[in-house]
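This report concerns only the one structure given below.
Convention: sequence-line order gives letters A, B, ...; per-chain numbering from 1. Please read these numbers as outputs of a predicted model, since none were measured by experiment.
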Protein chains: 2
Amino acid sequence: MATIQDVARLAGVSVSSVSNVLNEKRDRLRPETFDKVLAAIEKLDYRPSRAARQLKTGRTSMIGLLVSSTANPFMGQIAAAIEAYAQRRYGYRVLLCNTQRDRRQEASMFQDLVDFGVGAAILISSLADERHVEDAVRRGLAVVSYDRGGNPDSSVPIDHVQPDNIEAGRLAAAHLIQHGHRHLAFAMPAGMTISRQAKIDGFRMAAANAQVPVRTEVIEGRSITMYGDSELGKVGFELGQKIGRSASAPTGIVVVNDMMAFGLMAGLRDAGKRTPEDVSVIGMDDFAISHYIWPALTSVAMPIDDMVRTMVDCAIARLSDPSAAASELVFTPTLIERQSVACPPGAR
Amino acid sequence: MATIQDVARLAGVSVSSVSNVLNEKRDRLRPETFDKVLAAIEKLDYRPSRAARQLKTGRTSMIGLLVSSTANPFMGQIAAAIEAYAQRRYGYRVLLCNTQRDRRQEASMFQDLVDFGVGAAILISSLADERHVEDAVRRGLAVVSYDRGGNPDSSVPIDHVQPDNIEAGRLAAAHLIQHGHRHLAFAMPAGMTISRQAKIDGFRMAAANAQVPVRTEVIEGRSITMYGDSELGKVGFELGQKIGRSASAPTGIVVVNDMMAFGLMAGLRDAGKRTPEDVSVIGMDDFAISHYIWPALTSVAMPIDDMVRTMVDCAIARLSDPSAAASELVFTPTLIERQSVACPPGAR
DNA sequence: TTGAAAGCGCTAACAA
DNA sequence: TTGTTAGCGCTTTCAA
């Protein structure tokens, strides 16, 4: 590989002139010198070493991305969107880390990012405890956190971007109530997270605001250890079976995410219940696949592209102003009506 | 951030001693010196800069991963598996690039990887033309290519890992024939790739080897530009509609991947055809979701974990022996029987 | 067993 | 407008 020295030699100029060309400081060079250098660069097929540049400047054009697991299609979609936008808009590449929502993993990934000299990271994982994140920020990493409320007590600035989960829960429950359902359940894996709590709050709020009495309950499945899609489906399946066999089952179910909703509908089916004739189901995340399954899944869609752009913009902005006040940005979800919701059996 | 100098000063030793500690050269240090240094490292919470290390050694513990798009759940799953294994087994992190199967993008991503000093990359994208990959290899990047046959003429060593696509096609078609189907179609988006051709070959082979006459055809949908899952589903949907409305439709369809199969079944349904009663469908990739939809999709599963381990092992191995002969590794797929295949209408 | 010093490839301050 | 030079933080000879 050619170095800046080789280019300087071939062009008959000094390395600083070459450096100036590389950094587009046209005003410091005579046009002909500029061209001479350009020609030498071309000839040698020279490309500057990012490692050397980074060592000198302390900057590297990489951001870190921590997601629970891209094996979950929702995360895969977000990862693809982030990577594409960061590259297109800022020329940044993405270092991918799958956390499996494990705090120790997350901490070690943050550490690695700092060691690599990465300046900013996007964290998508709703672990309630944020202390290891704060450590990373103190070590100089800018972090944008998705789907977790901001902590006003925090001594360090962490930007937060999230969908309005309360509204998501409300939207889903209200839709069910509007279809005549009077016994609703919110289904999720065991274990509370901030975003789950918000969804539940909205879900309950819709019931409380209804003109009629509506019974609500939260149903937790097994807890999850791998954040791919297969385990989530299985938890949903088991829960669906259980609900399907129960005598006093809810007629409308809001499921914390689409993958689990698929499993839940399969479990319901296994127990002899049809969706939406016997039980209505609403998912959240709006997978592309949800359009195509039968019955097509009604789902609460999050404005992914908007949120992704915002997260990347925040991350890059904080690179140049690390001490700016943390921003808290909330995005509004939308209900996508499809075929998995109908009036409850009694109402027909 | 503390540097090696700070540590040396605090420990009262030279930087080279600290370096020796960092690199575990215990035999070059008196145990007590070792401990002194360790204490200083601890005290300062020192972590060596990877950039500096890389500049000196030319090595960095990152590998590149190029996939069409993690928005496709199959790719998301592979990406998660690669990241986890590379990290766990070798302590390597992953630089993620979504190529959208665009040659120019791929080329620029390879270039970036080289610029970052990344030594090895895994490429998952069946672009037929491999020249830009060869360029990258010539620039010193070790590449392992997935799902593309090796090119014996190639002047540079590129390792190839792939499922036995011929067998995948054969398995699927044979399963349909065994159920009594005599008119089969292979469905895919427009445009031939190496892996699609192999699947078709196997598909036709099964028909040719059958004891009875079997009619086969290849049905191409629209061509695809975004390699997420939504467009693939739509292409399948349109194709399903078309087939469902056709008078002389095949009774059994092998679809090039699960995502498109979901869309195709939805299209069939839209045209009034049921799966599997009217038309049987087999997918390929075996998404976790395929278990849970209705009808559960019979699919050809690729041994992802085995292939992923092999790809990462190959990539890392080539780092230390760039000129080793290229390996060509083929893995055997399995048919996962579920509910989307039945005997054809006539046979009942 | 330890330390001094060169240098990886670049940027940027300063001098010419 | 151009060149010289001092590092960035490490690893790695080579000497002591």
Side-chain angles (χ1 to χ4, degrees), chain A residues 1-41 44-62 111-112 114-119 139-140, chain B residues 1-41 44-62 111-112 114-119 139-140:
Chain A
M1 296 287 293
T3 74
I4 199 172
Q5 308 277 358
D6 301 324
V7 176
R9 203 173 308 124
L10 180 63
V13 300
S14 73
V15 291
S16 48
S17 291
V18 179
S19 175
N20 283 328
V21 171
L22 294 178
N23 294 288
E24 303 266 9
K25 307 220 163 83
R26 283 188 169 274
D27 51 325
R28 300 203 185 174
L29 256 41
R30 242 182 16 220
E32 42 197 288
T33 315
F34 202 96
D35 293 343
K36 236 178 2 186
V37 172
L38 240 34
I41 287 176
L44 293 174
D45 197 15
Y46 165 76
R47 314 227 71 208
S49 149
R50 302 226 189 195
R53 229 175 216 183
Q54 180 185 352
L55 184 58
K56 183 66 195 174
T57 65
R59 278 184 295 275
T60 182
S61 52
M62 266 191 319
Q111 189 57 264
D112 267 22
V114 173
D115 296 349
F116 271 114
V118 169
R139 287 169 171 278
Chain B
M1 297 283 295
T3 73
I4 199 171
Q5 308 275 358
D6 301 324
V7 177
R9 201 172 310 124
L10 180 63
V13 300
S14 71
V15 291
S16 43
S17 290
V18 179
S19 175
N20 283 329
V21 170
L22 293 178
N23 295 288
E24 302 266 10
K25 307 222 157 79
R26 283 188 169 274
D27 51 326
R28 301 203 183 174
L29 256 45
R30 237 176 26 213
E32 42 197 289
T33 315
F34 202 97
D35 293 342
K36 240 185 346 192
V37 173
L38 239 33
I41 288 176
L44 295 174
D45 196 15
Y46 164 76
R47 312 227 73 207
S49 149
R50 302 227 189 193
R53 225 174 221 184
Q54 179 185 352
L55 185 58
K56 185 65 195 172
T57 64
R59 279 184 295 275
T60 182
S61 53
M62 267 191 316
Q111 188 58 262
D112 267 23
V114 173
D115 297 350
F116 271 115
V118 168
R139 286 169 171 278

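- Distance from the side chain of A:Ser17 is smallest for D:dG3 among the nucleotides D:dG3, D:dT12, D:dT11.
- Residue-level contact check: B:Ile4 touches the bases, meaning some heavy atom is under 4.0 Å from a base atom.
- Across all their heavy atoms, A:Thr60 and A:Gly117 have their closest contact at CG2-O, 3.2 Å.
- To the nearest angstrom, P of C:dG9 lies 7 Å from CG of B:Leu55.
- Interatomic distance, OG of A:Ser14 versus CZ of A:Arg9, reported as 13.0 Å (0.5 Å rounding).
- Residue A:Ser16 is classed as a base contact, given a heavy-atom separation below 4.0 Å to a base.
- Within the 4.0 Å cut-off from OP1 or OP2 of C:dA12, at least one side-chain nitrogen or oxygen of A:Lys25 is found.
- The distance from atom CE of A:Met1 to atom P of C:dG9 is 10 Å, rounded to the nearest whole Å.
- Among the nucleotides C:dC10, D:dT2, D:dT13, the one closest to any side-chain atom of A:Ser49 is C:dC10.
- With DNA chain C read from its 5' end, the first of the two nearest nucleotides for A:Ala51 and B:Val13 is the one closest to B:Val13.
- The phosphate of C:dT11 (OP1 or OP2) has a side-chain N or O of A:Arg53 nearer than 4.0 angstrom.
- Side-chain nitrogen and oxygen atoms of B:Thr57 include none within less than 4.0 Å of the OP1 or OP2 phosphate oxygen of D:dC10.
- Atom-to-atom, CZ of B:Phe116 to C1' of C:dG9 comes out at 16 Å; the value is rounded to the nearest Å.
- Counting non-hydrogen atoms under 4.0 angstrom, A:Leu29 reaches the backbone sugars and phosphates but no base.
- The phosphate of D:dG3 (OP1 or OP2) has a side-chain N or O of A:Ser14 nearer than 4.0 angstrom.
- Nucleic acid contact class of B:Tyr46 (heavy atoms, under 4.0 Å, all strands): sugar-phosphate only.
- For A:Asn23, the side-chain atoms get nearest to C:dT11 when compared with the rest of D:dT4, C:dC10, C:dT11.
- With rounding to whole Å, B:Asp6 atom CG is found 11 Å from D:dC8 atom P.
- A:Arg9 places its CZ atom 11 Å from the P atom of C:dG9, with the value rounded to the nearest Å.
- Distance CZ (A:Arg59) to C1' (C:dA12): 12 Å, rounded to an integer number of Å.
- When heavy atoms are screened at a 4.0 angstrom cut-off, A:Val15 is found touching base atoms of the nucleic acid.
- Across all strands shown, A:Arg30 has heavy atoms under 4.0 Å from sugar-phosphate atoms exclusively, and none from any base.
- From B:Phe34, atom CZ reaches atom CG of B:Asp27 across 10.0 Å, with rounding to the nearest 0.5 Å.
- The CD1 atom of B:Ile41 sits 10.5 Å away from the CG atom of B:Leu10 when rounded to the nearest 0.5 Å.
- D:dT11 atom P lies 13 Å from atom CD of B:Gln54, rounded to whole Å.
- Nucleic acid contact for A:Arg50: none, since no nucleic acid atom lies under 4.0 Å from a heavy atom of the residue.
- Residue A:Ser19 places at least one side-chain N or O under 4.0 Å from the OP1 or OP2 atom of C:dT11.
- Contact check, B:Asn20 against D:dT11: no side-chain N or O comes under 4.0 Å of OP1 or OP2.
- A:Met1 approaches B:Arg139 most closely through the heavy-atom pair SD-O, 4.2 Å.
- In this structure, B:Arg59 CZ and B:Arg50 CZ are separated by 13.0 Å, a value rounded to the nearest 0.5 Å.
- At the heavy-atom level, A:Asp27 lies under 4.0 Å from the strands shown only through sugar-phosphate atoms.
- Judged by atom type and distance alone, B:Lys56 reaches the base of C:dG7 through a side-chain donor-acceptor pair under 3.5 Å.
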